[in-house]
Amino acid sequence: MSARCARVKQPLGVIYTIAVVALSLFISLPSQAAANLIKSPNDSRAYQVLTLPNQLEVLLISDPATSKAAVSMDVNIGSAANPKGREGLAHFLEHMLFLGTEKYPKAGEYQAFIQSHGGSHNAFTALENTNYFFDINANDLAPALDRFSQFFIHPLFSEEYTQRERNAVHSEYRAKIRDDNRRVYAATQQIMNPEHPASRFSVGNLETLNNENGQLRKDVVAFYNQYYSANQMKLAILGKQSLDQLTELAQQYFSAIPNKSTPEFTINTPLYDPSDLPIQINIQTLKDDYGLSLSFPMPSDRDYWETKPLSLISSMVGYEGDGSLLALLKSKGWANSLGASPGQSFDNESAFSVYIGLTPEGFNHKDEIVSLFFSYIASLKTQGISQALFNEEKLLSQQAFQFLDEREPIHYVTQLSQRMADQTYPIEDLLVAPYRLDRYDSDVIKRYITQITPENMVLALQANSLNSDQKAPYYNTPYQVIPLTSEQLATWSKAPTNPELFVRHTNPFIATDLSLKGATNESTQAQLVPTQLDTGVPGLALWHLHNTQFNVPKADVWFTLLSPVAREGADASVGLHLYTDLINEQLNKLLYDAQMAGLSTQIYSHARGISVRISGYDQQIGRLLTPVVSALRHPELSSERFNRVKQDLLQSLSNADKETPYNQLFSAGYDFLLHDPNLHEQTVAAQSYTLEKLSALIDRFYQSVEVRVLANGNLLAPQALNLTRTIKTQLSPVTLGEVAPDTSIVKIESEEQFTQAVPVKHKDHAVVQYLQAANATEKEAAAVTLINEIFSAPFYSQLRTEQQLGYIVFASPMTIRKQPGMALVVQSPSTDIQVIKERMDAFMQAFTQQLSELDETTLNRFKASVLARINDQDRQLSDSTNRFWRDIDNQALSFDKRERLSAYISALTAPELKSIYEEMITRRLILQTLSTDPDL
């Protein structure tokens with residue numbers, strides 16, 4: 001699969017003194033960008049770019065219809081600027097900004113304010129930039145901006161929290177110490193150019209962030225003063241206010257950020273020393289996976305943003321249909337996945353990268369696989385990327401931009417603030433740049449293809465069984481650098497073209513009819529609900545909504561096949577998993593073409609049967625639906641394909657015990673509560689599965705099924721009925737009937753407590769406490785949702801910030817099959833299980849008093865926050881489809897669950913909340929890790 005991503009340039013910043021900035025406010029006005037931003041025809045929002053007198057560039061987005069405001073500040077400095085010996089300092093600084101400012105000195109005040117006003121927040125530190133972002137109820141933007149802007153004006157960096165937050169950063173580092181992605185990257189860093197900042201540890205731990213004689217605070221303040229400057233920041237604000245009002249807010253809250261005229265931080269050294277190439281590194285993983293990655297350093301392609309040569313090459317190499325490298329490798333049983341993308345990119349260089357997920361058999365043929373890769377590159381060099389294929393890619397990009405889905409505000413502003421830092425293209429192209437593909441330039445494309453040679457290669461082999469002679473620092477990843485022989489390089493350099501490998505043909509699934517059917521919906525969003533249509537067949541239910549409120553010629557056609565066979569234990573669960581994996585494999589070439597043309601398909605098994613989701617341009621849905629359902633009913637059960645998917649499933653099961661500890665606890669909890677087969681039972685079942693056994697299961701599954709269909713989008717009722725008839729016809733001969741039993745959940749009685757210890761291969765200790773409501777009523781569901789809203793911010797602040805139990809601390813609603821509940825989570829690198837439980841219990845007991853003292857004004861504020869979350873607007877078609885699908889699954893067929901839940905929340909009193917909470921904490925499932933304390 002190819003991957004396309006907008007590259008982000010990450011420079012740096014500096015400032016005037018505060019006095020100079022204050023003076024400039026009286027004599028200067030913001031400058032507005034002269035050019036208008038090119039926006040999607042499907043985008044009704046208004047945009048403006050301005051530069052404040054302190055040289056802070058601001059993107060304003062006015063969306064009067066939005067229910068959420070969102071803000072992102074991108075600071076063009078990241079871990080690349082960490083001083084030697086202070087690895088992780090930029091990341092530590094990111095943490096410290098959340099822990100109090102001169103105006104709002106209380107640590108946790110910002111988080112509590114955002115949480116209690118329907119919002120969320122986060123931040124991340126990358127190599128070249130640090131990004132801070134939040135969203136909040138649209139009416140609460142101004143006070144949130146006041147708090148947020150103070151991070152960049154007067155942060156406290158208090159000594160007390162400097163010492164404490166070292167532990168939080170160390171906990172974050174420890175939580176990922178057995179994450180293979182981190183471990184593999186840590187090993188790869190060892191062969192990078194040591195002068196390149198990407199080669200260095202960036203997260204930080206107690207060692208790199210040592211605080212002898214209070215030096216850490218001095219260092220973090222110095223780093224902040226040196227690099228956090230208005231002229232090296234990019235701010236994006238999305239709100240319901242007009243552009244003029246947003247301009248006033250930006251001036252009011254962000255003009256005081258000092259501008260020190262900090263120069264741009266640049267990276268000029270190459271990521272790999274050319275004299276070290278080619279090179280191979282073997283990396284020993286923890287998971288039972290096999291992988292091969294090939295990376296090729298190249299000249300920067302920033303000047304070719306309208307041509308996108310590396311994206312085009314990625315699209316060709318990552319293709320999965322006829323003639324593709326992956327199709328050939330799969331036919332040989334050597335690979336199960338392939339991804340191609342532009343790799344790490346800097347001002348002075350770019351890269352092209354390929355990752356191939358190998359089978360165990362493919363691992364034994366790794367040299368041949370590399371040879372086949374270069375055979376495909378030889379075909380690409382010979383055939384080139386034709387004008388016709390370029391035009392097709394251009395058309396697909398144009399369609400994607402024309403019918404651009406509205407993203408969640410918090411993700412949208414974060415994306416745009418980073419993109420603002422990329423000064424490759426004019427500001428008017430800020431929104432359209434990732435979709436621009438204007439000029440076909442075969443010479444430029446060839447120039448980059450010629451860089452893909454064995455002599456210019458970084459080859460990384462990943463497997464659990466590889467030998468090693470060194471260990472990467474911090475993550476203790478075993479690795480070995482292997483010299484590539486002259487014989488290998490000669491073979492790969494002379495790899496001939498292969499008749500089975502060729503540049504792809506044009507795509508048959510591209511939509512040509514992009515019209516909206518019928519009249520545009522004028523109804524309010526709340527009135528748009530599906531109607532059940534009469535299919536004339538018992539056991540075949542169809543809900544339909546002609547929905548064009550998002551102005552896209554797209555539809556979602558989702559259906560599920562429900563059968564009691566799915567609840568027959570591990571054999572059935574594993575068998576249906578294998579079955580859907582086989583179908584996905586069988587249809588992979590077809591589905592990949594459809595995906596490229598904007599038509600996605602998901603086929604998966606679950607606790608009650610099998611589901612299929614087809615989404616995209618409605619013109620082509622029927623063309624895809626027929627072969628999908630036909631394959632379901634008449635699968636090609638080849639032993640070769642079966643053995644491959646079985647091996648893949650066994651690897652996945654064997655790797656489950658290497659997930660993050662608290663995630664392993666959640667899995668164990670779901671198994672217990674839903675009577676699902678556990679990991680051991682599934683593994684035993686998978687090991688003994690045969691093709692004959694699978695065939696028998698499929699026959700039994702289809703003896704009688706219940707079919708539920710949802711058609712939402714640019715489809716009229718007759719079309720939805722025709723598609724449903726296609727499903728019925730292709731499933732024939734199948735007996736349809738209402739036969740699917742619902743799944744049940746273990747009911748925990750009052751004063752009943754279950755404790756389960758789960759063995760994990762990780763040194764962190766984790767506890768998950770599941771609190772179950774007494775009854776599965778809508779009123780209790782409303783109460784649990786509201787209780788969690790009040791509970792979660794102080795729980796995080798007390799156990800993480802104040803008590804420093806660990807980096808992973810949170811509380812979340814946990815509704816399972818209509819049964820309300822809450823999950824409380826703590827994962828710690830140093831605190832014992834018993835202490836964690838005691839601290840959690842102490843907080844839960846103290847929270848009862850907080851509910852007793854809850855005044856009506858505070859309660860109403862929390863109610864408003866919860867109601868804003870529940871009733872948040874649908875921003876794209878999939879939002880509404882997901883909501884309707886959940887209601888169909890829960891048999892809430894009036895489709896007014898949000899309204900009913902909102903009514904209950906509005907009516908709840910503090911005494912009712914206290915009573916429900918006190919009852920809930922007497923009904924617990926406590927899950928805790930039993931660490932095997934592996935040698936890391």
[X] vs [Y] side-chain heavy atoms within contact, under 4.5 Å:
X	Y	value
Met840	Leu805	no
Tyr604	Arg613	yes
Pro409	Thr66	yes
Leu562	Val705	no
Asp405	Phe550	no
Met844	Tyr917	yes
Gln664	Thr929	no
Trp558	Val709	no

Taking [Y]'s backbone N and O only, do any of them form a donor-acceptor pair with [X]'s side chain (distance below 3.5 Å, no angle check)?
X	Y	result
Asn42	Leu404	yes
Ser149	Tyr253	yes
Gln756	Ile926	no
Gln719	Leu716	yes
Ser573	Gly569	no
Thr548	Leu516	no
Thr881	Leu877	yes
Glu406	Gln876	no
Asn775	Thr777	no
Thr785	Ala781	yes

How many angstroms lie between atom [atom1] of [X] and atom [atom2] of [Y], to the nearest 0.5 angstrom?
X	Y	atom1	atom2	result
Arg869	Arg898	CZ	CZ	15.0 Å
Ile888	Arg883	CD1	CZ	11.5 Å
Leu416	Ile61	CG	CD1	5.0 Å
Leu851	Leu859	CG	CG	9.5 Å
Asp887	Leu893	CG	CG	8.0 Å
Phe403	Lys554	CZ	NZ	8.5 Å

Over 12 foreign heavy atoms within 6.0 Å of NZ, Lys728
no
Could you walk me through whether Glu749 and Lys747 pass the salt bridge (charged side-chain N to carboxylate O under 4.0 Å, His left out) check?
CA-CA 6 Å; Glu749 300 302 327; Lys747 286 287 291 180; over 6 Å; no
Nearest heavy-atom neighbours spanning [X] and [Y]:
X	Y	value
Gly239	Ala69	CA-CB, 4.2 Å
Asn131	Ser72	OD1-OG, 2.7 Å
Ala783	Ile916	CB-CD1, 3.5 Å
Gly118	Lys68	O-CE, 2.9 Å
Ser865	Asn137	CA-ND2, 4.0 Å
Glu780	Ala774	OE1-N, 3.3 Å

Would you check if the distance from the ring center of [X] to the ring center of [Y] is below 6.0 Å?
X	Y	value
His121	Phe133	no
Tyr132	Phe148	no
Phe754	Tyr770	no
Tyr796	Phe810	no

Show your reasoning for whether side-chain hydrogen bond (donor to acceptor under 3.5 Å, both in side chains) applies to Gln803 and Arg839.
CA-CA 9 Å; Gln803 299 180 26; Arg839 301 284 181 86; 3.1 Å; yes
Between Glu408 and Arg875, does a salt bridge (charged side-chain N to carboxylate O under 4.0 Å, His left out) hold up when you go through it step by step?
CA-CA 7 Å; Glu408 286 284 333; Arg875 291 184 170 79; 3.7 Å; yes
Taking 4.0 angstrom as the limit, do Arg567 and Asp676 come out as a salt bridge?
yes
Would you mind checking if Lys779 and Glu912 are paired as a salt bridge, meaning a charged N to carboxylate O distance below 4.0 Å?
yes
Mind telling me whether Tyr662 and Phe666 have parallel, tilted or perpendicular rings, with 30° and 60° as the class edges?
perpendicular
Is NZ or CZ of Arg147 both nearer than 6.0 Å to the six-membered ring centre of Tyr104 and within 45° of the ring axis?
yes
Against the six-membered ring of Phe559, is Arg708 placed for a cation-pi contact (under 6.0 Å from the centre, within 45° of the normal)?
no
Checking side-chain polar atoms at under 3.5 Å, does Asn860 have a donor or acceptor matched by the opposite partner on Thr857?
no
side-chain contact (heavy atoms from CB on, under 4.5 Å) partner of Val768, chosen from Val758, Leu665, Asn663:
Leu665
Test salt bridge (charged side-chain N to carboxylate O under 4.0 Å, His left out) applied to Lys818 and Asp889, step by step
CA-CA 10 Å; Lys818 302 180 184 179; Asp889 184 47; over 6 Å; no
What's the verdict on side-chain hydrogen bond (donor to acceptor under 3.5 Å, both in side chains) for Ser878 and Asp556, showing C-alpha distance, side-chain angles and the deciding distance?
CA-CA 7 Å; Ser878 61; Asp556 293 330; 5.8 Å; no
Determine, stepwise, if the pair Gln245 / Ser242 fulfils side-chain hydrogen bond (donor to acceptor under 3.5 Å, both in side chains).
CA-CA 5 Å; Gln245 291 169 320; Ser242 68; 3.2 Å; yes
Step by step, would you call Val557 with Leu715 a side-chain contact (heavy atoms from CB on, under 4.5 Å)?
CA-CA 10 Å; Val557 177; Leu715 292 170; 3.7 Å; yes
Ring pair (Phe, Tyr, Trp, His ring centres under 6.0 Å) between Phe151 and Phe98: does it pass, once the steps are laid out?
CA-CA 7 Å; Phe151 293 175; Phe98 289 95; 5.3 Å; yes
In this structure, which one of Ser792, Ser797, Ser120 forms a side-chain hydrogen bond (donor to acceptor under 3.5 Å, both in side chains) with Gln115?
Ser792
Pair Asp671-Asn678, side-chain hydrogen bond (donor to acceptor under 3.5 Å, both in side chains): steps then yes or no
CA-CA 6 Å; Asp671 292 345; Asn678 61 36; over 6 Å; no
